[in-house]
Amino acid sequence: MGMTLAEKVWADHLVRKGDNGAPDLLYIDLMLMHEVTSPQAFDGLRLAGRTPRHVDQLIATEDHNTPTVDIDRPNPDETSALQLTTLEKNCREFGVRLHPLGDADQGIVHAFAPVLGLTQPGMTIVCGDSHTSTHGAFGALAFGIGTSEVEHVMATQTLSLKPFKTMAINIDGDLPDGVTAKDIILAIIARIGTGGGQGYVLEYRGKAIEQLSMDARMTICNMSIEAGARAGMIAPDETTFAYLKGRPHAPQGELWDQAIEYWRTLKTDDDAVFDAEVTLDAADLEPFVTWGTNPGQGAPISASIPDPATIADATERTAAERAIAYMGLTPGQKIKDIPVDTVFIGSCTNGRIEDLRTAAAIMKGHRKADSIHRVLVVPASSRIRLQAEEEGLDRIFKDFGAEWRNAGCSMCLGMNPDKLVEHERSISTSNRNFEGRQGKGSRTHLASPAVAAATAIRGTISSPADL
Ligand code: SF4
């Protein structure tokens, strides 16, 4: 029987097959690290008197606790400052390459690595961070791990794991105008639920996926974890190869030719069987926005806030009632009538150059609505920031009335100075809308950069078609 893409990558990294249901031992090609989930791993290694097994396959950056303004000044938050200095000290002691705040290659852990060409097809990539699934856009098997596993990978460059199940997500047909990768993934999560992908590697396939750029593919794989999946993958193709060619860490010369030959084998065989399969018709999709407090509580932008009384499942009904109350909304209220206070364009989901270009193209020649308190535009990595400035996007954002920031996780989570205050409502291109995610009592609507930009112009949730 044929193999799926995920099974091929797994088989190519198998160090030892587990007997009688025991976990397999898998070789890990690359581990990415940041300041939040690495301290205990370094401590564990130090206590055990070990050194990293393959230090050149570890690479670290600073992202969660970094400020995005005044980066040359001391960090205003003591805890954040300690997290960052601890990472710097640990990386120095163990010889791990680090791109700290202020470095040209610093950025969100899932954004700086692809830009440098570190993320490549067929690799196994891990990080103590759930959105490691992003790297699956290149046909890598990439997933988040816990801190004890981070220590294990540092010490051995391997991981003990039971094979994941596989689920095909087919997006057939052509995407309608104005529908983006973010809308696809929000629609998928609304369909299968936040637990629908549990235990699976999702493989996104079909014409609509093949037509996407690498930045868009990363947006989709990034949010696989929001459907509960271990990882998301897309088979590498000419789009993938064109993106990688010439990047600093991509293979060069003869090694490039050899890599391409191998990468072309990384696709699901015609006779492979997935454990589960879901199909969506691209033509049915429209811009999607969340109304609730998990990424599965979303709806097309033309819809209204659901009435919990119409939800048959008791658990879902209670969750919807609670979410609507927390979000300060009313059943039946049109999504497009919801006024927003703050617009956040950034994060490892949608802070890439194409996202910034999309937002800038919509904002150009406009000013933000008077009712909008602030518009934050935060590139996902410093290289992306530099590229955006070369293209003059920063000037468009500033003319619009937006704040142009340094790279980092920023308002994706309330772990740095970029936070919402209680009851402040944002439209956000990030990936999580949990209670308090963007600050205590914050209210988050997830959407694409296009919808965020149009909302910044009109003041209420809008798509570019509404302008
Ligand atoms: S941008 Fe958000 S989701 Fe991505 S790594 Fe940072 S905190 Fe995590």
Side-chain angles (χ1 to χ4, degrees), residues 31-38 59-68 77 79-80 83-84 87 99 101 106-115 118-119 125-137 142-147 150 181-182 185-186 189 194 215 218-229 231-232 290 294-295 344-353 355-356 376-382 384-385 405-420 426-434 436-439 442 444-449 452:
M31 182 158 74
L32 305 165
M33 306 178 81
H34 59 57
E35 68 272 25
V36 180
T37 51
S38 62
I59 186 162
T61 185
E62 297 177 343
D63 53 7
H64 285 61
N65 292 88
T66 52
T68 56
D77 181 80
T79 312
S80 293
Q83 292 269 55
L84 296 171
L87 179 68
H99 293 295
L101 185 62
Q106 173 266 346
I108 305 175
V109 70
H110 312 308
F112 89 104
V115 169
L118 285 160
T119 302
I125 302 177
V126 296
C127 174
D129 191 289
S130 31
H131 295 94
T132 310
S133 56
T134 311
H135 307 268
F143 49 95
I145 56 175
T147 45
V150 172
K182 185 64 162 284
I185 189 64
L186 286 175
I189 301 168
T194 51
D215 280 9
M218 282 189 260
T219 298
I220 292 196
C221 288
N222 172 276
M223 289 194 70
S224 306
I225 184 76
E226 305 309 334
T290 61
N294 73 54
F344 171 57
I345 297 173
S347 85
C348 61
T349 312
N350 278 127
R352 297 189 176 77
I353 191 67
D355 301 315
L356 303 182
L376 250 63
V377 186
V378 188
S381 84
S382 298
I384 293 169
R385 183 175 195 266
R405 296 295 190 90
N406 282 95
C409 294
S410 183
M411 203 180 268
C412 175
L413 85 174
M415 205 181 258
N416 58 64
D418 301 340
K419 289 189 186 92
L420 298 179
S426 78
I427 191 133
S428 174
T429 67
S430 54
N431 48 45
R432 286 188 168 160
N433 52 345
F434 305 150
R437 170 76 175 178
Q438 294 186 297
S442 56
T444 305
H445 296 274
L446 302 176
S448 70

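This chain uses plain numbering: 1 for the first residue, then up along the sequence. Hydrogens, waters and symmetry mates are skipped; everything else that's a heavy atom, side chains included, is used. Note that ligands are numbered from 1 as they come in the structure, with each ligand's atoms numbered from 1 the same way.
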| query | Within the stated cut-off of 2.8 Å, is an N/O/S atom of Cys412 closer than that to atom 2 (Fe) of ligand 1? | reply |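 A backbone or side-chain N, O or S atom of Cys412 is under 2.8 Å from atom 2 (Fe) of ligand 1.
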| request: Would you mind telling me if ligand 1 is within reach of the side chain of Asn431, the backbone, both or neither, using heavy atoms under 4.0 Å? | output: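 Looking at Asn431 and ligand 1, just side chain atoms fall under 4.0 Å.
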| Arg437, portion touching ligand 1 at heavy-atom distance under 4.0 Å |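 Near ligand 1, Arg437 shows its side chain, while the N, CA, C and O stay back.
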Mark up the atoms of ligand 1 that fall under 4.0 Å of a heavy atom belonging to [X], in ascending order.
| X | value |
| --- | --- |
| Leu413 | 7 (S) |
| His131 | 3 (S) |
| Ser347 | 1 (S) |

| Is there side-chain contact between Ser133 and Met223, with at least one heavy-atom pair below 4.5 Å? |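 A side-chain contact under 4.5 Å is absent here.
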| message | Among His34, His110, His131, which residue satisfies the ring-ring contact (aromatic ring centres under 6.0 Å, His included) criterion with His64? | response |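 Single pass found, and it is His34.
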| Do Lys182 and Asp355 meet the salt-bridge criterion of a basic N to acidic O distance under 4.0 Å? |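 Salt bridge absent between Asp355 and Lys182.
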Pair [X]-[Y], side-chain donor/acceptor within less than 3.5 Å:
| X | Y | answer |
| --- | --- | --- |
| Asn350 | Thr429 | no |
| Thr444 | Asn433 | no |
| Ser428 | Ser430 | yes |
| Thr194 | Asn294 | no |

| task | Please report which non-hydrogen protein atom sits nearest to atom 8 (Fe) of ligand 1, along with the residue it belongs to and the distance in Å to one decimal place. | result |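 Ranking protein heavy atoms by distance from atom 8 (Fe) of ligand 1, first comes His64 NE2, 3.6 Å.
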| said: Can you report which non-hydrogen protein atom sits closest to atom 6 (Fe) of ligand 1, along with the distance? | reply: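 Nearest protein contact, heavy atoms only, for atom 6 (Fe) of ligand 1 is Cys409 SG, 2.3 Å.
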| task | May I ask you to check whether Cys348 brings an N, O or S atom to under 2.8 Å from atom 6 (Fe) of ligand 1? | result |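 Coordinating: no.
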| said: Check contact between Ile108 and ligand 1, using heavy atoms of the residue and a distance below 4.0 angstrom. | reply: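 For ligand 1, residue contact (heavy atoms, under 4.0 Å) with Ile108 is present.
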| said: Would Val109 count as a contact residue for ligand 1, given that I'm defining contact as a non-hydrogen atom of the residue lying under 4.0 Å from a ligand atom? | reply: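 No, that is not the case, since the closest heavy atom of the residue is not under 4.0 Å from the ligand.
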| task | Please report the shortest heavy-atom distance between Phe344 and Cys412, naming the atom on each side. | result |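 Heavy atoms only, the tightest pair is CE2-N, 3.6 Å.
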